[in-house]
There are 2 protein chains.
Amino acid sequence: MNAHYDGGMPRRSPEDRSPSQVDVARAAGVSAQTVSRVISGQSNVRPETARRVMTAVDAVGYRLHAAAASLASGRTRTLGVILVSSDRYSTSAILLGVESVAAESRYTVTTASVPHHSTPASFIEAFERLERQGCEGIVILAPVGYLAEALGTRTERTPTVGHRQADSMGIDALVDQRAIARAATEHLLELGHRSVWHVSGDDFWQESKARREEWEAVLREHGATPPPVLPGDWSPESGYRAGRTLAAIPDATAVFVSSDEMAFGVIRALHEAGRIVPDEVSVVSVDDIALAAYAAPALTTVGQPFEKVGRAAATRVIDMIEKREPSPVEPLHPQLIVRASTARPPAPST
Amino acid sequence: MNAHYDGGMPRRSPEDRSPSQVDVARAAGVSAQTVSRVISGQSNVRPETARRVMTAVDAVGYRLHAAAASLASGRTRTLGVILVSSDRYSTSAILLGVESVAAESRYTVTTASVPHHSTPASFIEAFERLERQGCEGIVILAPVGYLAEALGTRTERTPTVGHRQADSMGIDALVDQRAIARAATEHLLELGHRSVWHVSGDDFWQESKARREEWEAVLREHGATPPPVLPGDWSPESGYRAGRTLAAIPDATAVFVSSDEMAFGVIRALHEAGRIVPDEVSVVSVDDIALAAYAAPALTTVGQPFEKVGRAAATRVIDMIEKREPSPVEPLHPQLIVRASTARPPAPST
DNA sequence: CGCAAGTATGTTTGCGATAACATTACCGTG
DNA sequence: CACGGTAATGTTATCGCAAACATACTTGCG
């Protein structure tokens with residue numbers, strides 16, 4: 001760690017400075033303020049003048065000095081993204097969505113990764129780092145359950161959006177996690193399974209809880225008693241452990257697994273125990289990662305429109321920052337993709 | 001797209017301003033400049049004074065105003081990262097590495113994603129966007145072959161790491177891609193296979209080419225003629241297509257696949273064609289993603305230390321920015337992980 | 001025609017930090 | 001003990017831009 005970040009650098013000499021609005025102004029024969037107005041797209045400028053300024057901008061090769069603009073205006077036009085650096089796939093797709101909206105609105109995106117298995121402290125650290133860096137809004141791609149609580153009033157200072165559900169805690173829901181659980185569970189029930197087991201995600205994550213609750217609710221609606229939850233943590237390993245447990249339960253004919261990656265583990269455990277998927281046990285998971293179609297058997301899974309989620313999240317924070325009415329957002333529906341890991345339950349062997 | 005990004009915002013009134021170095025100075029009974037010196041860790045300050053200042057910093061809740069510092073010093077302390085938004089999942093691990101080094105050196109990281117299948121133009125666009133935003137250095141997590149060429153002299157203005165530059169600067173050079181190909185190919189040869197086929201990555205990527213060349217070289221060293229390359233693009237789908245081709249070739253008993261994700265596709269195609277992995281065909285791939293151990297069969301693969309790659313890349317750009325001697329970098333060795341997708345070749349069926 | 005209400009532009013000031021320069025305090029030495 | 005040198009601190013100018021305020025120059029309407 002560099003305790004001292006800078007020994008000081010000499011000021012650049014005036015000649016090699018990059019052109020400023022003053023230079024543009026001179027070239028265009030207007031005042032610097034008018035240049036500023038043209039650059040920031042204000043309206044009270046004659047089109048003819050604006051054109052002259054833009055020509056001068058090109059001529060002298062002017063580029064807005066972000067720091068100066070920020071200092072003068074008190075705005076940084078920066079969005080922060082907190083992402084969990086894990087092997088989970090959704091992240092980069094969401095980030096792409098966030099960035100493209102940000103770029104359209106002339107915002108910059110800075111990121112703060114937290115390691116895969118993180119404590120509340122690392123999220124707080126990341127959040128504060130982004131705040132320190134002057135982010136005007138923050139998108140959290142890891143709405144861990146305790147997050148709203150851990151972050152406390154920080155989210156009041158800085159508009160914050162999470163891409164998944166955090167019930168009314170200021171981090172808004174974008175994709176309906178309950179709909180995911182419902183689609184998955186009902187699919188299995190409709191195939192004729194009497195009950196559905198569940199391998200949950202890390203309890204840490206809010207969405208994990210939402211899915212579990214909805215899975216329970218759906219089972220109850222259909223008159224089934226939810227079996228105990230098999231706890232997972234999103235990793236394939238945890239899926240494998242859950243799968244071993246499950247394999248030992250002859251009655252179990254269907255599982256709803258909270259992520260594709262865990263489903264890989266579950267299926268392997270089942271396979272090793274000699275239980276055939278989907279003939280003996282059906283598996284539905286969530287995410288539709290690229291590999292889902294290449295599992296053996298190919299996974300039936302509930303997909304989420306990740307890039308759109310990112311776009312929606314960014315749109316929302318920007319609305320909050322600029323205190324606008326929330327823009328209409330196209331609904332983000334999860335989608336069940338039926339492949340080969342689900343089937344009708346086996347005929348009772350009696 | 002918001003053509004006009006700002007209608008103008010009123011200046012904040014003096015009361016709700018966050019504390020500045022002047023406020024700290026007042027509280028500590030020193031000059032603002034001394035506060036600045038303490039904050040930026042310069043040496044000519046009595047320890048006692050520094051302590052008083054730090055106490056005052058805490059007391060008034062001071063935080064450095066990045067934009068102001070940037071304007072005054074002419075430095076932004078910002079690193080840009082260009083990343084290809086794909087399901088490939090090395091990305092987030094590398095990003096984490098970059099960020100942690102950046103944070104240690106008090107740099108900020110901003111990202112520019114480009115879509116999965118991108119033209120040179122989108123890279124240039126991303127690069128220029130980062131330059132416009134004032135990044136002092138750029139890390140490109142997409143060692144695309146043509147990139148050095150496409151970027152041209154831009155990389156002279158802004159220190160850049162990540163593509164081949166003088167053959168020693170690139171990400172691809174941070175981890176020896178040839179060593180990866182060698183480890184994989186020799187492993188198969190040592191098992192007794194006469195020849196090894198190859199499913200390549202996207203030709204677009206520099207590392208893809210390096211691996212292919214080394215695979216050829218190793219085969220030649222062992223007196224084998226390299227069979228034609230089966231072209232892939234990193235996606236599981238492309239692996240599947242290559243796998244179908246491969247399945248139709250009875251002689252083929254071993255493949256080196258340039259990514260785990262493609263290996264999933266290859267194995268599925270082989271399986272569908274009734275060719276058993278590893279009994280009839282051995283498969284080695286690259287990356288060691290979390291799911292590699294949960295493929296059926298578990299993948300033998302060559303792992304890369306992604307996070308360390310990120311750390312090394314960031315360390316290097318920062319060295320370049322600050323015109324220091326390159327810091328010593330711990331060597332980044334790929335590692336062969338033998339699991340269940342490789343075996344001795346089948347006995348000749350004659 | 002005269003005056004209010006805009007519209008387009010210019011002038012001045014301030015954002016918060018730091019580089020450059022100025023000053024003071026303190027040291028050892030011939 | 002006067003002198004030069006260095007370490008610690010203070011003073012001033014400046015970075016590039018946009019807000020606030022000031023000034024021309026339009027337009028519309030009674």
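Since we're looking at a predicted model, the values are computed, not measured. The basis for the numbers below is simple: all heavy atoms, side chains too, and nothing from hydrogens, waters or symmetry mates. So that the names make sense, note that chain A is the first sequence line, chain B the second, and so on, each numbered from 1.
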[Y] versus [X], side-chain donor and acceptor atoms under 3.5 Å:
| X | Y | result |
| --- | --- | --- |
| Ser70(B) | Arg77(B) | no |
| Glu136(A) | Thr158(A) | no |
| Ser18(B) | Arg63(B) | no |

**Request:** List the atom of Gly134(A), the atom of Thr78(A), and the distance in Å for their closest heavy-atom pair.
**Result:** O-CB, 4.4 Å

With a 4.0 Å limit, can you tell me whether [X] has a side-chain N or O closer than that to the phosphate oxygens OP1/OP2 of [N]?
| X | N | value |
| --- | --- | --- |
| Ser36(B) | dT18(C) | yes |
| Ser31(B) | dG10(D) | yes |
| Thr34(B) | dG10(D) | yes |
| Thr49(A) | dT9(C) | yes |
| Arg46(A) | dT7(C) | no |

**Prompt:** Does Gly29(B) or Arg37(A) map to a spot on DNA chain D nearer the 5' end, using the closest nucleotide for each?
**Reply:**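 So the residue in question is Gly29(B).
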
**Item:** Donor-acceptor pair under 3.5 Å, Gln33(B) side chain vs dA17(C) base
**Value:** no

**Message:** Ignoring hydrogens and geometry beyond distance, is the side chain of Gln21(A) in donor-acceptor contact with the base of dA18(D) at under 3.5 Å?
**Reply:**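 Absent.
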
**Message:** Using a 4.0 Å heavy-atom cut-off, does Val30(A) contact any base of the nucleic acid, only the sugar-phosphate backbone, or nothing at all?
**Reply:**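 Sugar-phosphate: the residue Val30(A), judged by heavy atoms under 4.0 Å, touches backbone atoms but no base.
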
**Side chain of Ser40(B) - closest among dT9(C), dC17(D), dT18(C)** = dT18(C)

